[in-house]
Q: 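My structure is below; once you've seen it, I'll send some questions.
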Amino acid sequence: MIQDDHRVLCDGWEFLQRLGNRLRVMENRSISDLDEERGDMEGLARRLGYRSSGRERGAYRELLRDYDRHTTLVREAYLRILGVEG
């Protein structure tokens, strides 16, 4: 379990660092502004390697899905490590 939490935290940190850095460079924004509909968020997602599935703003939707997944997993790992029920 400790190794699983370690991997979750490392993967989450890498994802959030990469996303935060690209967001600051391209949009001069903080990661806390990620869900606000402004700027070229589809372009941001594509620069991060996401591809549109043919749906409008498909790459951005996939990015948001990964963001939600990583932040949920990181939160759950922290709660487990701290011994707090979620």
Side-chain angles (χ1 to χ4, degrees):
M1 187 62 100
I2 291 174
Q3 285 184 328
D4 293 338
D5 288 337
H6 178 264
R7 176 60 23 221
V8 163
L9 294 174
C10 287
D11 289 348
W13 184 85
E14 289 172 7
F15 174 82
L16 294 170
Q17 282 295 111
R18 196 170 127 237
L19 175 58
N21 289 339
R22 182 58 64 180
L23 191 57
R24 276 188 291 284
V25 167
M26 287 187 64
E27 297 288 329
N28 193 28
R29 293 170 54 189
S30 165
I31 200 166
S32 62
D33 297 334
L34 183 64
D35 60 351
E36 292 183 20
E37 295 287 330
R38 65 176 205 220
D40 183 15
M41 300 309 287
E42 182 74 5
L44 170 76
R46 288 181 182 199
R47 289 218 178 202
L48 287 166
Y50 290 88
R51 296 291 168 242
S52 180
S53 59
R55 295 182 350 205
E56 184 179 339
R57 301 178 64 80
Y60 180 51
R61 288 177 194 214
E62 289 299 316
L63 169 62
L64 286 179
R65 204 173 347 264
D66 275 354
Y67 174 78
D68 287 339
R69 181 177 57 83
H70 278 287
T71 55
T72 297
L73 290 172
V74 165
R75 188 175 302 109
E76 289 170 353
Y78 271 111
L79 292 175
R80 268 191 307 278
I81 291 166
L82 295 173
V84 177
E85 292 297 317

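This structure is a prediction, so every number in the text was calculated from the model and none was measured. Residues take their numbers from the sequence shown, with the count starting at 1.
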Q: Under 4.5 Å between any side-chain heavy atoms of Y78 and L9, yes or no?
A: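 Yes, at least one pair of side-chain atoms sits under 4.5 Å.
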
Q: Quick check on side-chain contact (heavy atoms from CB on, under 4.5 Å): which of L19, D11, V8 does H70 satisfy it with?
A: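 Among the candidates, only D11 passes.
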
Q: How far does CG of L23 sit from CZ of R47, to the nearest 0.5 angstrom?
A: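 Rounded to the nearest 0.5 Å, the CG-CZ separation comes out at 13.0 Å.
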
Q: Would you confirm whether R46, through its side chain, and A59, through its main-chain N or O, come within 3.5 Å as a donor-acceptor pair?
A: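 Side chain of R46 to backbone of A59, a donor-acceptor pair under 3.5 Å: no, none is there.
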
Q: Should L16 and Y67 count as side-chain neighbours, where that means a heavy-atom distance under 4.5 Å?
A: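 The answer is yes; the side chains approach within 4.5 Å.
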
Q: Could you see if I81 belongs to whatever hydrophobic cluster contains V74? Use Ile, Leu, Val, Met, Phe, Trp, Tyr and a side-chain cutoff under 4.5 Å.
A: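 Both belong to a single hydrophobic cluster.
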
Q: Could you state whether F15 and M26 fall into the same hydrophobic cluster, counting links through intermediate Ile, Leu, Val, Met, Phe, Trp or Tyr residues with side-chain heavy atoms under 4.5 angstrom apart?
A: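 Linked within one cluster.
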
Q: Do R65 and E62 touch side chain to side chain, with heavy atoms closer than 4.5 Å?
A: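 They are in contact (side-chain heavy atoms under 4.5 Å apart), so the answer is yes.
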
Q: Side-chain contact test, heavy atoms from C-beta onward, threshold under 4.5 Å: evaluate it for R7 versus D4 and give yes or no.
A: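 No, their side chains stay 4.5 Å or more apart.
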
Q: Assess the residue pair N21 and R18 against the criterion (side-chain hydrogen bond (donor to acceptor under 3.5 Å, both in side chains)); give the C-alpha distance rounded to whole Å, side-chain angles, the decisive distance to 0.1 Å, and a yes or no.
A: CA-CA 5 Å; N21 289 339; R18 196 170 127 237; over 6 Å; no

Q: So, do R22 and I31 sit near enough that their side-chain heavy atoms are less than 4.5 Å apart?
A: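 Side-chain contact under 4.5 Å: no.
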
Q: Measure across T71 and D68 and return the closest heavy-atom pair with its distance rounded to 0.1 Å.
A: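 Residues T71 and D68, closest heavy atoms: OG1-O, 3.2 Å.
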
Q: Is the shortest heavy-atom distance from the side chain of E42 to the side chain of D40 under 4.5 Å?
A: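 Yes, their side chains come closer than 4.5 Å.
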
